[in-house]
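Notes follow once the structure below has been shown.
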Amino acid sequence: MFFLVKTSLHMLTALWMVLKLILRITRWKQTLKHCFNRKKESAEPMRKPYLIAVVAMLAAVAGALAAVAVYLRRREQELDEYERLLFGEDDAVEAEPAAEDAAEEAEATPVQKPAEE
């Protein structure tokens, strides 16, 4: 009997806490709804010069990020070439092969004609 009374009191206490929590949540919801529904008196659209300044700033940031990406890509290619040369791989390729070297190689290699039958 005592166990049932004690359990029911604990259940009532838990139910009371849940109801208090629900009441607090509904108050927060009403407060937030009231804050968001108010119209601001100083709300006016952004002026053109400010908009142009913001767009120019965003374009500058995008350009800087693109420049950093290009630099890092080239630097990575140079480091790969250096690593190949350092560890002695025979088929090391330069990061940016010169057009003159390609022309010299084409002139140096003789053209083999197929044997006529």
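These numbers were taken from a predicted model, which means no experiment stands behind them.
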Please answer: with hydrophobic residues joined when any side-chain heavy atoms are less than 4.5 Å apart, are I25 and I22 in the same cluster?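 As far as the 4.5 Å side-chain criterion goes, I22 and I25 are not connected within one cluster.
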Is there a path of hydrophobic side-chain contacts, each under 4.5 Å between heavy atoms of I/L/V/M/F/W/Y residues, joining V54 to V61?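 The answer is no; the residues belong to distinct hydrophobic clusters.
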State the [atom1]-[atom2] distance between [X] and [Y], to the nearest 0.5 angstrom.
X	Y	atom1	atom2	result
R24	K20	CZ	NZ	7.5 Å
T26	L21	OG1	CG	9.5 Å
L79	L86	CG	CG	11.0 Å

What do the steps show when you test Q77 against R73 for side chain to side chain contact (heavy atoms under 4.5 Å, CB included), and what is the final call? CA-CA 6 Å; Q77 288 175 350; R73 185 172 180 209; 4.1 Å; yes
Is there a salt bridge (Lys or Arg N to Asp or Glu O under 4.0 Å) between E78 and R75 once you walk through the steps? CA-CA 5 Å; E78 290 174 1; R75 183 71 178 145; 3.6 Å; yes
